[in-house]
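Below: the structure, in structure tokens.
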Amino acid sequence: MATQILPSHPPALPRTHDPNNSGCGRSNHLSVRRKAEDHPVLALLDDHRRLDADSIRRIHARMLRLGLLDHPYSASRLLAACSLSPSPDLRYARRVFDHISAPNLFTWNIIIRAHASGPDPRLALLLFSSLLRHSPHSPDKFTFPFAIKAAAELAALREGAALHAMVAKSPFLRSDVFVLNSLVHFYAACGDSNLSLRVFEKIPEPDVVSWNSAIAALAQGGRWDEALQLFEEMDRGKVMPNDVTMVSVASVCGKKGDLELGKRIHSYIERGEIKQSLILDNALLDMFVKCRSLADAESLFDGMTTRDSISWTTMLVGYAKSGQFDAARRVFDEMPRRDIASWNALISCYEQSGRPKEALDLFHELQHADATPDQVTLVAALSACSQLGALELGCWIHAYMEKNNFQLNYHLTTSLIDMYSKCGDLDKALRVFGCASKRDVFVWSAMIAGLAMHGRGREALDLFEQMQEAEVEPNTVTFTNILCACSHAGLVEEGRLCFSQMLPVYGISPTADHYSCMADILGRAGLLEEARGYVESMPTPPGATAWGALLGGCAIHKNVELGELACRRLLELEPRNHGAYVILSNLYARSGRWDAVAMLRKVMKESSVKKEAGCSSIEVDGVVHEFLVGDISHPTKEKIYLQLEDIASRLKAAGYVPDRKEEDDAKEKALCLHSENLAIASGLPDDMFAGTDPDHEESSCVTVRVWIGLLLASVLLEAKQSWMEAKKRVAVLNFVQQSKCVLSCGLDRDGYLLQVCCYTRGEAL
DNA sequence: ATAGGGTTAG
């Protein structure tokens with residue numbers, strides 16, 4: 001640093017930044033140096049955790065007037081204060097840094113540290129590289145942990161590995177426990193628990209943080225048992241576990257569902273060996289919730305002196321996951337502060353428990369509260385839309401995402417494709433897929449599933465080819481979807497080939513799902529013995545799905561003996577499976593075995609197997625209405641019943657005969673109370689048939705309306721009918737497509753009709 | 001003068 005010989009007069013104006021001017025102000029260097037270090041203003045910066053932005057600005061101004069910023073030491077004190085305050089203004093910190101001429105290494109470390117844990121950790125890495133290129137200093141044992149932290153935040157494997165290489169070259173750094181600990185954390189953050197562990201094993205004297213980082217790496221990598229082993233090893237050694245250790249251990253107990261170990265951990269902590277902390281309490285709460293021990297969770301929660309929104313949300317999830325939705329809702333209403341995660345937790349729990357309507361009601365509620373949905377919210381809401389066939393709301397969410405510049409990440413792209421496919425709008429699904437800039441295995445798999453459920457098996461297989469050309473590795477879900485496509489399109493040979501290639505070519509062991517798909521493909525094709533072979537050669541004992549697939553094949557091809565066997569096995573696993581009885585009964589009926597039909601009914605009656613209450617929904621103007629079988633509670637029930645009677649008589653006039661081959665459904669009155677019919681009739685306009693006669697219709701617009709009604713009704717009256725077949729059968733669908741009406745159908749995985757939405761663009765139907 | 005590790009929703 002140049003020695004100054006000018007008299008000491010504090011400069012009145014702030015210096016502008018000039019990197020070429022390495023001079024430090026216009027005053028006597030030595031006297032300023034002493035003053036700069038001792039100046040009382042600096043004492044104001046000591047407690048930087050309490051300084052707010054305004055106080056920092058005031059101190060900054062005073063320091064400018066006093067000329068203190070010309071000295072690297074005092075300027076760094078200011079930099080530290082504004083970088084390390086609780087909510088640092090990094091752009092401000094960066095401006096202060098840029099005005100410090102010849103920043104020393106401490107200064108560099110501070111600014112890199114601040115950016116490493118800031119909103120854009122890339123800036124920390126950029127600063128690190130300008131430290132290397134533009135400064136005379138070399139990064140030290142403080143610099144590396146900050147830079148590696150930034151790489152970890154970004155999961156930037158390449159950059160972090162480069163830092164690791166630099167560390168490895170320096171004998172001082174490569175054995176520094178802080179540096180190595182940050183590398184253990186870094187590799188774990190990149191999802192590579194192996195590398196993480198290898199660094200850990202090289203630490204000469206691991207401290208508690210080393211152990212904690214390694215245990216956390218294993219815990220987060222899903223290697224639960226190894227995490228617990230490492231914990232035991234630590235416990236036997238000279239390093240004492242602390243509260244942070246126990247957070248990871250509790251989390252592993254939760255993931256494993258190991259309540260016994262979880263309780264031992266809990267009492268170990270309560271004996272006072274371990275410091276209490278809110279995070280640890282939350283981790284224990286989560287452990288109890290995941291182990292389904294709500295009583296333990298409640299008593300822990302009740303005894304907690306401080307709780308944050310994570311504590312409340314964890315309790316909420318505990319109630320919701322155990323089906324106590326009223327209690328969950330009470331927690332939600334009582335919690336002092338709700339963040340978006342609390343909303344997401346409840347919405348997701350509803351959606352995953354087969355309560356999509358409640359999920360969407362809550363989603364609407366969220367929009368009226370002043371909460372802002374995030375990606376997790378939208379993923380959950382889209383999934384609820386898929387389950388309900390709520391196309392209109394799904395479209396609205398899509399538009400909302402575009403309007404608010406949501407990054408279409410893999411997760412959201414997958415959800416959109418799934419929603420459009422399941423709500424029947426395959427073209428939109430294909431469009432989302434086509435517009436996706438990047439596609440991971442889930443995006444590809446969702447699109448393959450979409451094509452499969454719409455009966456476009458060939459195209460699904462083509463897409464699989466394209467996926468491989470794009471060098472995306474298929475996973476187990478991809479193969480389930482491909483086999484599903486083969487099943488729908490009747491592609492037996494292709495199905496066999498895919499299945500046989502799974503392990504040798506793709507290294508994926510077929511699971512029970514894949515075996516069941518094969519049983520389904522072969523069974524539908526009438527290759528019942530081969531199907532049975534797949535079921536009986538499964539790696540795990542065949543489950544209800546496998547026997548169900550075989551039973552389905554037997555029912556189609558009237559194989560009573562094998563069908564009975566499959567049904568027996570299925571009922572051993574699921575004694576209350578109503579569907580199994582119905583299929584077997586239909587199989588008997590179609591083979592003329594009426595005695596067996598009667599016997600089966602008797603068995604069902606005696607074992608009081610009940611049909612699950614059917615439930616259907618319809619979306620009208622973005623609002624979802626639900627109907628149960630025989631539901632008479634809807635406010636417009638009169639209208640609905642009139643509609644149904646009208647449709648029924650028109651169907652009869654049009655020569656429609658309900659399919660009576662299948663079981664029950666015989667009484668027309670009962671038909672009217674089918675939940676699907678109730679739902680669709682409620683969505684039809686009051687005057688749909690006003691003054692019309694399907695045989696002599698003048699106005700084509702009205703004709704279309706009438707036909708829509710008839711079409712929907714006929715499809716719905718035979719809800720077991722595949723939608724694809726119905727489409728072929730009813731040519732009138734073309735009218736629908738030309739009209740202003742939008743007709744979309746929700747399909748289940750097998751391409752069967754779940755939901756129908758019918759609405760107009762622009763005008764009321 | 002500066003350091004590192006941990007909990008909820010998908």
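Basis for what follows: all heavy atoms, side chains included, without hydrogens, waters or symmetry-related copies. Note that the structure is a prediction, hence the values are computed from the model and not measured. Just so it is clear: chains get the letters A, B, ... in the order the sequence lines come, proteins before strands, and each one is counted from 1.
Contacts of A:S182 with the nucleic acid, taken as non-hydrogen atoms under 4.0 Å apart, are absent. Residue contacts shown for A:D176 include a base, since a base heavy atom lies under 4.0 Å away. Nucleic acid contact class of A:D281 (heavy atoms, under 4.0 Å, all strands): none. The residue A:N104 sits close to a base: some heavy atom pair falls under 4.0 Å. Contact annotation for A:D286: backbone-only contact, meaning every heavy-atom pair under 4.0 Å involves sugar-phosphate atoms and none involves a base. At a threshold of 4.0 angstrom between heavy atoms, the contacts of A:N242 include nucleobase atoms, whether or not backbone atoms are also involved. Contacts of A:K141 with the nucleic acid, taken as non-hydrogen atoms under 4.0 Å apart, include base atoms. Across all strands shown, A:V208 has heavy atoms under 4.0 Å from base atoms, whether or not it also approaches the sugar-phosphate.
The phosphate of B:dA9 has neither OP1 nor OP2 within less than 4.0 Å of any side-chain N or O from A:Q375. Taking only side-chain nitrogens and oxygens, A:Q220 comes nearer than 4.0 Å to OP1 or OP2 of B:dT7.
If you check B:dA3, B:dG10, B:dT7 against the side chain of A:F146, the one that comes closest is B:dA3. Side-chain proximity of A:F178 to B:dT7, B:dA1, B:dA3: nearest is B:dA3. Closest to the A:H185 side chain, of the nucleotides B:dT8, B:dG10, B:dG6, is B:dG6. Listed nucleotides: B:dA3, B:dG6, B:dA9. Nearest to the side chain of A:D374: B:dA9.
Tested against A:R329, the residues A:E358, A:E365, A:E334 include a single salt bridge (Lys or Arg N to Asp or Glu O under 4.0 Å) partner, A:E365. Each of A:F178, A:F128, A:W108 was checked for a ring pair (Phe, Tyr, Trp, His ring centres under 6.0 Å) with A:F144, and the lone residue meeting it is A:F128.
Look at CZ on A:F97: it is 19 Å from P on B:dT2, rounded to the nearest Å. Per the geometry, CD1 belonging to A:I274 stands 13 Å off C1' belonging to B:dG6, to the nearest Å. As a whole-Å value, the separation of A:L346 CG from B:dG10 P is 11 Å.
Pairs of residues two or more places apart, or lying in two chains, that qualify as salt bridge (Lys or Arg N to Asp or Glu O under 4.0 Å) and include a residue from residues 288-305 of chain A are A:K263-A:D296, A:D286-A:K290.
Between the side chain of A:S386 and the backbone N or O of A:L382, at least one donor-acceptor pair lies under 3.5 Å.
Taking the six-membered ring where the residue is Trp, the centroids of A:H164 and A:F186 are separated by 6.0 Å or more.
For the segment residues 322-337 of chain A, the set of residues with a heavy atom within less than 4.0 Å of an atom of DNA chain B is empty.
Side chain A:S277 to base B:dG6: a donor-acceptor pair is found below 3.5 Å.
Of all the heavy atoms in A:M335 and A:S342, the pair that sits closest is CE-OG, 3.4 Å.
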request  = Would you sort out whether A:L259 and A:C253 count as a side-chain contact (heavy atoms from CB on, under 4.5 Å), showing the intermediate values?
outcome  = CA-CA 7 Å; A:L259 182 59; A:C253 292; over 6 Å; no
